[in-house]
Amino acid sequence: MTIRTRYAPSPTGYLHIGGAWMAFFNWLFARSHAGAFVLRVEDTDRSRSSEEYERAIFEDFRWLSIDWEEGPDVGGDYGPYRQTERMALYRASADELLTRGAAYRCFCTPQELEAERIRAQAEKRPYRYSGRCRHLTADQRAAFEREGRRPTIRLRLHDHGETIVVNDLVRGRVEFDPEHLDDYIIVRSDGSPLYNFANVVDDHAMAITHVIRGIEHLSNTPKQWVMYRALGWTPPEVAHLSNILGTDKKKLSKRTGDTAVRDYRREGFLPEALLNFFALMAWYPEENREIYSVPELVARFRVEDLGKASPVFDMDKLTWMNGVYMRTLLERDPGRVVEVCLPALREAGLLDGAPTEAQRAYIRRVIDVLGERLKVGRDIVAYGDFFFKDTVEYELEAARRYLSEPGIVEVLSALRERVAGAATLDPAGAESLVRTLAEERGLQAREIVHPTRVALTGKTAGPGLFELMALLGKDQVTRRLAAAVEYIHRTVGS
RNA sequence: GGCCCCAUCGUCUAGCCUGGCCCAGGACAUGGCCCUCUCAAGGCCAAGACACGGGUUCAAAUCCCGUUGGGGCUACCA
């Protein structure tokens, strides 16, 4: 039997980190068994769904290099892959359930139901639907219809059913007493299917064999199992994973960090780092090892090894891991590092649109100079914005500390002259200029280095001074040195 | 309220099924030192956890029961 897994996003927003995480495990499972991964769009909530989000979600998956063999965009033998296009299927299954007597029409209004619920609550009884529409006569039904009531369809749970067992691949055997379940609605009065129903019909029709989904669905599982049984179908294997939490230990939300995959892309995270990190939020393939390529993850994946607890999304660790990937990329594929920095550069207004060849080459050199300081694409802005500006903005603290002594003017001026007089400015040349100047003045090299760095970059932290001078070039260096001198005169006052 | 799931360093987790090798291992973060023009990276070191209470056992992080704390379901949401 071919292993088939799926992920079923609702196109009501951008791909969420939690969703991508869940999808990734379904994908890993399929890939590790040479199976198929299918994308099914759950767009029954028409008012909130949009095609634009659907496209965006696909795009984010592609960026992550999570691919699918079947889906709305690529088709497949089990289509269509949008729930709104599968209405006939749900109708057929509903009819089947009705004729088998496993489901019945319920004419209760939402108001009546609400009243029942409130009554139960007042009497401190657990609420369950009374089942009063179970045995309506033809006359009663006709009367309701004459009143204009539009019925819903409810699944009939067995009155004295036996314990429902869910064999969860990660949690083990979980038992449910049907006593606590009630006849639940599977088709709305407007004829549209509800989640628990559409889901079962789709998973079966699409021959899904394994479902890895959120823990919130565990309690739904027994209800679904009853439906599988009523239809004579075999349910898929299931595994329920806990949800990712934010640092506040609450469900991941905007408050504690970005929640959309898109945000991470924009900030310059690498998809392979994100995926590696995703894996570690549920399992460690080997002891004492954190870095795994996607193929390695595929080779080692076992659902049973997935963790049961809710992981907290640790930005610090993701950032560290991204840095690890950036460093190897710096050696093997610097072009990609350039690519990853582009969005942040644009957002900071340091780059307009697509870079020209010259711009790309320049960014490439900036990246070389920045080196392992680049953990995330956006770091290029934090550490190297001055490479892309003509005037330097001094950080307050930096200027106060290194550009406040009047004596420094002389040093910076002297350095400016020597730079101007140099034939060319390469790192070694810059270094000897600074060091000989220091020697002549009886200064420590650092006494020149620090003020110069602030003069050229505005910051106290950043790339090596000599490399940075070489990249900036004679022109910029002399100009910035002069500007710093002027700044000191202006602020120290004279 | 009822039902279900979960619980090892601040965080991700290894170990738990098949008790002893665990006075609990690794990683991120934190602190210190080294390297060094700053920052980063790197190296070394440190601090840091079996939620609690009962059992079972010669022996429990590991098995059982309970408590507490989180989370979920209990919708004509997904």
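What you see below is based on every heavy atom in this structure, not just the backbone, and it leaves out hydrogens, waters and symmetry mates.
- Distance alone, capped at 3.5 Å, is enough to place a donor-acceptor pair between the A/Arg453 side chain and the A/Pro463 backbone.
- At a threshold of 4.0 angstrom between heavy atoms, the contacts of A/Arg435 are confined to the sugar-phosphate backbone, with no base atom among them.
- Judged by distance alone, the side chain of A/Ser10 and the main-chain N or O of A/Thr12 form no donor-acceptor pair under 3.5 Å.
- Between the C1' atom of B/G2 and the CZ atom of A/Arg128 lies a distance of 11 Å, rounded to the nearest Å.
- In this structure, the CZ atom of A/Phe176 is 12 Å from the P atom of B/C3, given to the nearest Å.
- Backbone-only engagement by A/Arg171 is indicated by non-hydrogen atom pairs under 4.0 Å involving sugar-phosphate atoms exclusively.
- Of the side-chain N and O atoms in A/Arg327, one or more sit less than 4.0 angstrom from OP1 or OP2 of B/G42.
- Out of B/A78, B/A40, B/C12, the shortest distance to the side chain of A/Lys375 is found at B/A40.
- You'll find the side chain of A/Arg105 stays beyond 4.5 Å of the side chain of A/Thr152, heavy atoms only.
- Around atom CD of A/Glu304, more than 12 heavy atoms belonging to other residues, nucleotides or ligands sit under 6.0 Å away.
- Rounded to an integer number of Å, the gap from CD of A/Gln224 to C1' of B/A78 is 11 Å.
- In this structure, A/Gln444 reaches neither bases nor backbone, as no heavy-atom distance under 4.0 Å exists between it and the strands shown.
- A cation-pi geometry, defined here as NZ or CZ lying under 6.0 Å from the six-membered ring centre and within 45° of its normal, holds between A/Arg117 and A/Tyr127.
- In this structure, CZ of A/Phe278 is placed 16 Å from P of B/C12, rounded to the nearest angstrom.
- Few gaps surround CD on A/Glu440; more than 12 heavy atoms of other groups in view lie less than 6.0 Å from it.
- Taking the C1' atom of each, B/G70 and B/U8 are spaced 16 Å apart, rounded to whole Å.
- Judged by distance alone, the side chains of A/Asp43 and A/Thr84 do bring a donor and an acceptor atom under 3.5 Å apart.
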Between N or O atoms, less than 3.5 Å apart, protein on one side and nucleotides 65-75 of chain B on the other: list the pairs.
{"unit_1": "B/G72", "atom_1": "N2", "unit_2": "A/Ser219", "atom_2": "OG", "d": "3.3"}

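- Atom CD in A/Glu467 sits about 12 Å away from atom C1' in B/U36, given to the nearest Å.
- Considering only side-chain atoms of A/His450, the nucleotide from B/A27, B/C3, B/C37 that sits closest is B/C37.
- Nearest to the side chain of A/Thr152, among B/U11, B/C76, B/A78, sits B/C76.
- Between A/Asp95 and A/Arg91 no salt bridge is recorded (no basic side-chain N to carboxylate O distance below 4.0 Å).
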Return a single string for nucleotides 14-22 of chain B, one symbol per nucleotide in 5' to 3' order, where B is base contact, S is sugar-phosphate-only contact and - is none, cutoff 4.0 angstrom on heavy atoms. S--------

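- More than 12 heavy atoms of other residues, nucleotides or ligands shown are found within 6.0 angstrom of CD on A/Glu112.
- No more than 12 heavy atoms of other residues, nucleotides or ligands sit less than 6.0 Å from atom CD of A/Glu51.
- Residues A/Tyr90 and A/Asp202 have side chains that bring a donor and an acceptor to within less than 3.5 angstrom of each other.
- Taking a pair as Watson-Crick or G-U wobble with both distances under 3.5 Å, RNA chain B forms stems of 3 or more consecutive pairs at B:1-7 with B:68-74, B:10-13 with B:25-28, B:30-34 with B:42-46, B:51-55 with B:63-67.
- Toward the 5' end of RNA chain B, the nearer of the two residues A/Pro311 and A/Arg373, judged by each one's closest nucleotide, is A/Pro311.
- The phosphate of B/C77 (OP1 or OP2) has a side-chain N or O of A/Arg188 nearer than 4.0 angstrom.
- Within a 6.0 Å radius of CZ in A/Arg229, no more than 12 heavy atoms belonging to other residues, nucleotides or ligands are found.
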